[in-house]
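Sequence lines set the chain letters: A, B, ... in the order given, protein chains first and strands last, and positions in each chain run from 1.
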2 protein chains.
Amino acid sequence: MPTPDRTSYAEIVAAGRDLLEDSGLAGLTMQGVAQRVGVRAPSLYKRVRDRDALIEAVAAATVDDLAGRLEASDRSLEGLARAYRALAHERPEGFRLMFAAAAPQELLDRAGLTIVDSAASIAGEEHALDAARLVTAWATGFIHMELAGAFRLGGDVDGAFDYGLAALRRGLGA
Amino acid sequence: MPTPDRTSYAEIVAAGRDLLEDSGLAGLTMQGVAQRVGVRAPSLYKRVRDRDALIEAVAAATVDDLAGRLEASDRSLEGLARAYRALAHERPEGFRLMFAAAAPQELLDRAGLTIVDSAASIAGEEHALDAARLVTAWATGFIHMELAGAFRLGGDVDGAFDYGLAALRRGLGA
DNA sequence: ACCTGAACACCGTTCAAGT
DNA sequence: ACCTGAACACCGTTCAAGT
């Protein structure tokens, strides 16, 4: 005697993303997600293996989101970096989770290749991969530190971001 | 009727650091730490407010460790970056925790000022803070990505680190 | 075929009782 | 003055019983 579905995998992952931002990783509980989608916690196990799998799915959805934003940008060094930072500001917990949880290689490659593409046009094909790693590492670290509140020696944080972009262009050009 | 102490705050924090590396943040449990120092979990509450306070103390000990290593390096751009990366390779979970948990401002400033000092000699006093943030952000992001296994498009990761150091020197010199 | 309450394991935390 | 077992709250997870 089939019962109409009261939720779906996509709805669960979306609720997980929102709960993550509201309550942090420790607050991303099965009971919390269940409440948001309107079922009891045990029902989630029909669609998700366990909490770790849900966390992975939330991380994967965030990487997918990021890849889409990078592709939708003007693909310049500056455009890519600002799109990356904008996502991190909108979903800081999701940003952190991308580096704490495993995401599908295919999605990571999609985001990575967009950046390598852009890097090639600045530093040349020969150094494209090294250049992409330089820029991505800088942006990733800048955002991590910014979110951790590590920039408290004063100064202008937005200005430091622009300074970094300009200095990287100089360093890559040579 | 006093009882001889069976453990100490320092021993608890040290056990926490080791357990963190062995079992990850989720594995850093009060029961696990208690077992390592030879008491029962409730006894830890005589010396530590709660699990969050213990996690903060572990993060602070890691920042203190880092500050000491930076000060003991030759303080060149390359020396600082390599000392940072070496710590992260030895204590990857501790490195991650520095950006996930709050550490005392005084310790963070101590580490930060060592880097600003070095940056000043390369980019000039005027841009010292921006330059320090560029280098620190790059190293932090590089290590985060490396630890997350995000460098899987091939190529030589150590080579990419050296390429980054050289490009940053070029970009900062101008 | 999905949903639920009940049950169990595990962990954080408190507290009265021991020494 | 510190240490402990017992107790409680909370969460992840399983499962038999409902529809």
- [ ] Choose from D/dC3, C/dC11, D/dC15 the nucleotide whose nearest atom is closest to any side-chain atom of B/Thr7.
- [x] D/dC3
- [ ] Give the nucleotide from the list C/dG12, C/dG5, D/dG12 with an atom nearest to the side chain of A/Thr29.
- [x] D/dG12
TODO: Would you mind reading off the distance between B/Met30 atom CE and D/dC10 atom C1', rounded to a whole angstrom?
DONE: 16 Å
Open item on the list: Strictly distance-based, threshold 3.5 Å: is any side-chain N or O of B/Ser121 a donor or acceptor partner for the main-chain N or O of B/Ser118?
Closed with: yes
TODO: Take the angle between the ring planes of A/Phe99 and A/His144 and call it parallel below 30°, perpendicular above 60°, tilted in between.
DONE: perpendicular
Task: A/Glu11 CD to C/dC2 P, straight-line distance once rounded to whole Å - done: 15 Å
- [ ] Find out whether the Lys NZ or Arg CZ of A/Arg85 is both under 6.0 angstrom from the six-membered ring centre of A/Phe161 and within 45° of the ring's axis.
- [x] yes
Open item on the list: A/Arg17 vs A/Asp22, test: salt bridge (charged side-chain N to carboxylate O under 4.0 Å, His left out). Steps then yes/no.
Closed with: CA-CA 9 Å; A/Arg17 288 188 78 188; A/Asp22 288 348; over 6 Å; no
Task: Sugar-phosphate only, base, or nothing, as touched by A/Arg47 at under 4.0 Å among non-hydrogen atoms - done: sugar-phosphate
Open item on the list: Working note: B/Tyr84 + B/Thr140, criterion side-chain hydrogen bond (donor to acceptor under 3.5 Å, both in side chains); need CA distance, chi angles, decisive distance, verdict.
Closed with: CA-CA 8 Å; B/Tyr84 190 23; B/Thr140 298; 2.8 Å; yes
Open item on the list: Rounded to whole Å, how long is the line connecting atom CG of B/Leu19 with atom P of C/dG12?
Closed with: 10 Å
Task: Nucleotide paired to C/dT13 in any strand shown, Watson-Crick or G-U, under 3.5 Å - done: D/dA7
Task: Short side-chain N/O contact to D/dT4 OP1/OP2 from B/Arg6, under 4.0 Å - done: yes
TODO: Grab the CG-C1' distance between B/Leu28 and C/dC10 for me, whole Å please.
DONE: 16 Å
TODO: Answer with base, sugar-phosphate or nothing: what part of the nucleic acid does A/Ser43 contact at a heavy-atom distance below 4.0 Å?
DONE: base
Task: Listed nucleotide nearest any side-chain atom of B/Pro42, set D/dC11, C/dC3, C/dC15 - done: C/dC15
TODO: Specify the separation, in whole Å, of atom CZ of A/Arg40 and atom P of D/dG18.
DONE: 18 Å
Open item on the list: Does the structure show a Watson-Crick or G-U wobble partner for C/dG18, both distances under 3.5 Å? Name it, or say none.
Closed with: D/dC2
Task: Nearest-angstrom distance from the residue atom NZ of B/Lys46 to P of C/dT13 - done: 16 Å
- [ ] Using whole Å, report how far CG of B/Asp5 lies from P of D/dA1.
- [x] 11 Å
- [ ] Tell me whether the OP1 or OP2 atom of C/dG12 has a side-chain N or O from B/Arg51 closer than 4.0 Å.
- [x] yes
TODO: Can you tell me the distance, in whole Å, between the CD atom of B/Gln35 and the P atom of C/dC10?
DONE: 13 Å
TODO: Side chain of A/Tyr45 only, please: which of D/dG5, D/dG12, C/dG12 is the nearest?
DONE: D/dG12
